[in-house]
Undergrad: 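Here it is, the structure in full.
A note on names: the letters A, B, ... follow the listed sequences, proteins ahead of strands, and every chain is numbered from 1.
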Amino acid sequence: MTEEKKSLNFIEQIIEKDLETGKFDGRVHTRFPPEPNGFLHIGHAKSICLNFGIATQYAGKTNLRFDDTNPSKEEQRYVDAIREDIQWLGFEWNEDVLFASDYFNNLYDYAVRLIKLGKAYIDDSTAEEIAASKGTPTVPGKESPFRNRSVEENLDLFERMKKGEFDEGAKVLRVKIDMAHPNMHMRDPVVYRIKKAHHHRTGDDWNIYPMYDFAHGYSDSIEGITHSLCTLEFEVHRPLYDWLIDALDLYHPQQIEFARLNLNYTIMSKRKLLQLVQEGVVNGWDDPRMPTISGMRRRGYTPESIRNFATGVGIAKRENIIDISRLEHSVRQHLNKITPRVMAVLNPLRLVITNYPEGKTEELSLINNPEMPEEGERVLPFSRDLYIEREDFMEDPPKKFFRLGPGRTVRLKGAYIITCDGMVKDDDGNVIELRCTYYPDSKSGEDTSGIKAKGVLHWVSIDHAKDVEVRLYDRLFNDEAPDGHKDKSFMDFLNPDSLKIITAKAEPSLLNAKPGDKFQFMRKGYFCADLDSTSENPIFNRTVTLRDGWAKARKK
RNA sequence: UGCCCCAUGGUGUAAUGGUAGCACAUCGGUUUUUGGUGCCGCUAGUCUUGGUUCGAAUCCAGGUGGGGUAACCA
């Protein structure tokens, strides 16, 4: 037995220490708290894998709780999409889905208790006045003229706020901490505001809604969360989180902050992703170019590959920018193992085997997946007239070009070895057809020809090939840090070639593909049948290209 | 400008007072009926100055650099 060396991230270390000291009676209970105001993206996947992963590791639980305290931005459809994405990623939340709005009554009661304790007050100041009186980091704020209202008056006003007697913005509930506090979040923060908006779950029941800081910590407390994991920008909120809970002497979860995921060539802000959707730059939240979970799903990413990526990047507190190649590696790694190999020609060039009988068709057997021999073989029609990839031919090729050129010999994958004897050009001098001869004794699997061919090309039989729509996706942005420029918008870095739609010639079996089915188009990349794909109108999305050693070599 | 956080190869992340390891990327080799995959290997790192210690990536202090933070958003 070899002893497994454990390598824990800093959060796991904290949890193991808590388990040892019995801080939470040996419980581990995390939560994933999205706001339903947009779709989940790959950054959320990191948080999801962390929260659910920790719970699994320590035999704990994870709540899915929607932080739905701002009805003007939140929608039911986002709730549905988020639930679907989490399930698709392979996680199960504890019991039912929870909502901060489930606790609106509790939260109201907490607010009342704070008022009764003299720790909260109603402020009639305008938003501008409150902002102005906050002071600056170096200048202490000024106390509101309404700060010392009586408990009775505060109670009365708060109840009337709830009843809807005042207009939006007329009054807020603030917590009474310290207007000179060095942490700006502690300068009497607003915790309840009037908002006469329709809430996607509570309808028009409420005229007032709690702010995030108020709702979040108390919700964690109500749910008995042990470790409340969040991103770094909430670090300065923690003192307020702690203050609010301690002010009412409630069960106290521990908030721990970690660094969010950043990917180069990608934007991760929900606001900016929404902008891409609203301005029609992409075709919705699930456009395969989006870094959203649903976009990646449509692109052909698997849950395994996303989980693998999200856990592989690690958890720490330092700012990080992950190279996009790491994401691509994780999906190639998985798709390599599971996808059947098929042949499709993206940019066809006609090739005629002059010594092959006209009208003859052979049924060739090809292995489906060399990584999984148990997946068996399929038959493929071979004939005299074929398509090969245009880029697999060069009229004047360099020595190291292991493909076709005048006089060059290659193997057609799973079929015969051929030699190129000539070509046909159009009036403009473009090569439109290759003339080749084949070696009948070189048939794949029963080759007695003794000829060795360095290159192997994929092909399809023209008479049997099917037209399929192929969507070639590339990165959405040309710049490593699209939103990292002070003088320019991320919109200035859009890649005009992020989507190219072509018609490819595919082997017949691809007509059977159902939406979501994944393939390796040999020598070209991994592709996934699109959501809208049908056998009448087959559509394939390129998930990612294959690694291309030749492309690298020729750059030099 | 206050307060808070952070600093290990190109990029991430380990080592928690005792051999700086792993992954991605890069480069080279090898295998291969995918220039894919697999396998092998090279290059390359503890921000800086001082202190504590037999011994410091690790502890302490100063510096430097980066990030966060002053919504009736989350």
Undergrad: Under 4.0 Å between any heavy atoms, over every strand shown, what does A:Leu457 touch: base, sugar-phosphate, or nothing? Just pick one.
TA: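 Contact class for A:Leu457: none.
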Undergrad: Where the side chain of A:Arg326 is defined as all heavy atoms beyond and including C-beta, which of B:A71, B:A23, B:A70 is the nearest nucleotide?
TA: B:A23
Undergrad: Please figure out whether A:Ile315 or A:Arg341 has its closest RNA chain B nucleotide nearer the 5' end.
TA: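 Residue closer to the 5' terminus by nearest nucleotide: A:Ile315.
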Undergrad: Kindly say whether, by distance alone, the side chain of A:Arg523 makes a donor-acceptor pair under 3.5 Å with the base of B:U34?
TA: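 Result: no qualifying N/O pair found.
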Undergrad: Is the distance from OP1 or OP2 of B:A15 to the nearest side-chain N or O of A:Gln13 less than 4.0 Å?
TA: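 Looking at the OP1 and OP2 atoms of B:A15, one of them is under 4.0 Å from a side-chain N or O of A:Gln13.
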Undergrad: Please check if any side-chain donor atom of A:Arg341 sits under 3.5 Å from a side-chain acceptor atom of A:Asn369, or the reverse.
TA: yes
Undergrad: Using OP1 and OP2 only, check whether a side-chain N or O of A:Thr69 sits under 4.0 Å from B:C73.
TA: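 Checking B:C73 against A:Thr69, no side-chain N or O comes under 4.0 Å of OP1 or OP2.
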Undergrad: Could you give the CG-to-P distance, from A:Asn9 to B:U13, as a whole number of Å?
TA: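 About 11 Å, once rounded to whole Å.
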Undergrad: Among the nucleotides B:G35, B:A70, B:C24, which one has an atom lying closest to any side-chain atom of A:His329?
TA: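 The answer is B:C24, which lies nearest to the side chain.
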Undergrad: Would you say the base of B:U69 and the side-chain of A:Glu235 have a donor-acceptor pair closer than 3.5 Å?
TA: no
Undergrad: For nucleotides B:G38 and B:C47, find the distance between their P atoms and express it as a whole number of Å.
TA: 33 Å
Undergrad: Determine the interatomic distance between C1' on B:A56 and the same-named atom on B:A15; round to the nearest Å.
TA: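 The answer is 13 Å between these two C1' atoms.
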Undergrad: Take the protein atom NZ of A:Lys134 and the nucleotide atom P of B:A71, then report the distance between them rounded to whole Å.
TA: 6 Å
Undergrad: Taking B:U8 as the reference, what is the distance to B:U13 when you measure between their C1' atoms (whole Å, please)?
TA: 9 Å
Undergrad: Between B:G12, B:G2, B:C72, which nucleotide has the shortest distance from any of its atoms to the side chain of A:Val172?
TA: B:C72
Undergrad: Across the strands shown, which category fits A:Lys195 at heavy-atom distances under 4.0 angstrom: base, sugar-phosphate, nothing?
TA: sugar-phosphate
Undergrad: Between B:U16 and B:U32, how far is it from one P atom to the other, in whole Å?
TA: 44 Å
Undergrad: Do you know which two heavy atoms are closest between A:Phe10 and A:Ile256, and how far apart they sit?
TA: CE1-CG2, 3.7 Å
Undergrad: A:Ala127 near the nucleic acid: base, sugar-phosphate alone, or nothing, with a heavy-atom cut-off under 4.0 Å?
TA: base
Undergrad: From the list B:G12, B:G36, B:G2, which nucleotide is the closest neighbour of the side chain of A:Arg547?
TA: B:G36
Undergrad: From CD of A:Glu389 over to C1' of B:U34, roughly how many Å is that when rounded to an integer?
TA: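 That distance rounds to 13 Å.
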Undergrad: Measure up the A:Tyr416 and A:Phe382 rings against each other and bin them: parallel (under 30°), tilted (30 to 60°), perpendicular (over 60°).
TA: tilted
Undergrad: Which label fits A:Phe214 and A:Tyr192: parallel for a plane angle under 30°, tilted from 30 to 60°, or perpendicular past 60°?
TA: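 Plane angle over 60°, so perpendicular.
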Undergrad: Under 4.0 Å between any heavy atoms, over every strand shown, what does A:Phe234 touch: base, sugar-phosphate, or nothing? Just pick one.
TA: base
Undergrad: Check the side chains of A:Thr419 and A:Thr409 for a donor-acceptor pair under 3.5 angstrom, ignoring hydrogens and angles.
TA: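 Checked: A:Thr409/A:Thr419 side chains pair up, N/O donor to acceptor below 3.5 Å.
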Undergrad: Now, which nucleotide makes the Watson-Crick or G-U wobble pair with B:G17, with each of the two distances under 3.5 Å?
TA: none
Undergrad: Does A:His185 place a side-chain N or O at less than 4.0 Å from the phosphate oxygens OP1/OP2 of B:U69?
TA: no
Undergrad: Separation of A:Leu8 atom CG from B:U13 atom P, in whole Å?
TA: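 It is 16 Å, rounded to the nearest whole Å.
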Undergrad: If pairing requires Watson-Crick or G-U wobble contacts with both distances under 3.5 Å, which nucleotide is the partner of B:C42?
TA: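 Result: none.
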Undergrad: Of the listed nucleotides (B:U13, B:G2, B:C72), which one gets closest to any side-chain atom of A:Ala316?
TA: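 The nucleotide sitting nearest to the side chain is B:U13.
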Undergrad: Considering every strand shown, what is the Watson-Crick or G-U wobble mate of B:U32 when both distances are under 3.5 Å?
TA: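 Result: none.
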Undergrad: Which part of the nucleic acid, if any, lies within contact of A:Glu319, taking any heavy atom under 4.0 Å across all strands shown: a base, the sugar-phosphate backbone alone, or nothing?
TA: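 Since only primed, P, OP1 and OP2 atoms lie under 4.0 Å of A:Glu319, the category is sugar-phosphate.
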Undergrad: Under 4.0 Å, heavy atoms only, any strand: does A:Ile322 hit a base, just the sugar-phosphate, or nothing?
TA: sugar-phosphate
Undergrad: Report, as yes or no, whether the 6.0 Å neighbourhood of atom CZ on A:Arg378 holds more than 12 heavy atoms from other residues, nucleotides or ligands.
TA: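 Yes, because the 6.0 Å sphere around CZ of A:Arg378 holds more than 12 heavy atoms from other groups.
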Undergrad: Does a side chain donor of either A:Ser330 or A:Tyr301 reach within less than 3.5 Å of an acceptor in the other side chain?
TA: no
Undergrad: May I ask you to say what A:Gly445 touches in the nucleic acid, namely base, sugar-phosphate or nothing, with a heavy-atom cut-off under 4.0 Å?
TA: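 The residue A:Gly445 makes base contact.
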Undergrad: Looking at A:Phe309 and A:Leu261, what are the two nearest heavy atoms and their distance?
TA: CE2-CD2, 3.9 Å
Undergrad: Would you please confirm or rule out a distance under 4.0 Å between OP1 or OP2 of B:G35 and any side-chain N or O of A:Lys454?
TA: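 Looking at the OP1 and OP2 atoms of B:G35, neither is under 4.0 Å from any side-chain N or O of A:Lys454.
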Undergrad: Measure the distance between the ring centre of A:Trp550 and the centre of the six-membered base ring of B:G35, then answer whether it is under 5.5 Å with planes under 30°.
TA: yes
Undergrad: Please classify the nucleic acid contact of A:Asp323 as base, sugar-phosphate, or nothing, using heavy-atom distances under 4.0 Å.
TA: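 Contact class for A:Asp323: sugar-phosphate only.
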Undergrad: What nucleotide among B:G2, B:U33, B:G36 has an atom nearest to a side-chain atom of A:Val456?
TA: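 So the nucleotide nearest the side chain must be B:U33.
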Undergrad: Can you tell me how far apart NZ (A:Lys413) and CE (A:Met522) are? Round to the nearest 0.5 Å.
TA: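 Rounded to the nearest 0.5 Å, the NZ-CE separation comes out at 4.5 Å.
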Undergrad: May I ask you to say what A:Gly141 touches in the nucleic acid, namely base, sugar-phosphate or nothing, with a heavy-atom cut-off under 4.0 Å?
TA: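 Nothing, no heavy atom under 4.0 Å.
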Undergrad: Base, sugar-phosphate or nothing for A:Arg238? Non-hydrogen atoms, less than 4.0 Å.
TA: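 Result for A:Arg238 = nothing.
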Undergrad: Rounded off to whole Å, could you give me the CZ-to-P distance for the A:Arg542 and B:G36 pair?
TA: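 So the two atoms are 17 Å apart, to the nearest Å.
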Undergrad: Does any N or O donor sit under 3.5 Å from an N or O acceptor when you compare the side chain of A:Arg318 with the base of B:G66?
TA: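 Answer is no: no donor-acceptor pair is held.
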Undergrad: Please give, in whole Å, the distance from B:U33 P to A:Arg403 CZ?
TA: 17 Å
Undergrad: Tell which nucleotide pairs with B:A7, taking only Watson-Crick or G-U wobble pairs whose two distances are both under 3.5 angstrom.
TA: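 Answer to the pairing question: B:U64, which forms a Watson-Crick or G-U pair with B:A7.
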Undergrad: Is A:Thr136 side chain donor-acceptor paired with the B:U1 base, going by distance under 3.5 Å alone?
TA: no
Undergrad: Base, sugar-phosphate, or nothing: which does A:Pro370 touch, judged by heavy atoms less than 4.0 Å apart?
TA: base
Undergrad: Expressed in angstrom and rounded to an integer, what is the separation of A:Met372 atom CE from B:U37 atom P?
TA: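 That distance rounds to 18 Å.
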Undergrad: Looking just at side-chain N and O atoms, do A:Lys195 and A:Ser72 make a donor-acceptor pair shorter than 3.5 Å?
TA: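 Result is yes, a qualifying pair exists.
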Undergrad: What is the distance from CE of A:Met522 to P of B:U37, rounded to the nearest Å?
TA: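 After rounding, the reported distance stands at 12 Å.
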Undergrad: Searching all strands shown, indicate the nucleotide that pairs with B:U69 (Watson-Crick or G-U wobble; both distances under 3.5 Å).
TA: B:G2
Undergrad: With rounding to whole Å, what would you report as the distance between B:C4 and B:G41 at their C1' atoms?
TA: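 Comparing C1' positions in B:C4 and B:G41 gives a spacing of 45 Å.
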Undergrad: Verify the contact: side-chain N or O of A:Arg193 to OP1 or OP2 of B:C73, cut-off strictly under 4.0 Å; return yes or no.
TA: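 The answer is yes; a side-chain N or O of A:Arg193 sits under 4.0 Å from OP1 or OP2.
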Undergrad: With a 4.0 Å cut-off on heavy atoms, is A:Gln520 in touch with a base, just the backbone sugar-phosphate, or nothing at all?
TA: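 It contacts base atoms.
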Undergrad: If you measure from the P atom in B:A70 to the same atom in B:A74, how many Å do you get, rounded?
TA: 13 Å
Undergrad: Would you classify A:Phe401 as touching base, sugar-phosphate or nothing, given that sugar-phosphate means primed atoms plus P, OP1 and OP2, and contacts are heavy atoms under 4.0 Å?
TA: base
Undergrad: In whole Å, what separates the C1' atom of B:A7 from that of B:A57?
TA: 11 Å
Undergrad: Could you check which nucleotide pairs with B:C22 in any of the strands shown, counting Watson-Crick or G-U wobble with both distances under 3.5 Å?
TA: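 Answer to the pairing question: B:G12, which forms a Watson-Crick or G-U pair with B:C22.
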Undergrad: Taking the same atom, C1', in B:G29 and in B:G63, what whole-Å distance lies between them?
TA: 47 Å
Undergrad: According to a strict under-4.0 Å criterion, is A:Arg271 in side-chain N/O contact with OP1 or OP2 of B:A71?
TA: no
Undergrad: Classify A:Lys413 by what it touches in the nucleic acid, base, sugar-phosphate, or nothing, heavy-atom distance under 4.0 Å.
TA: base
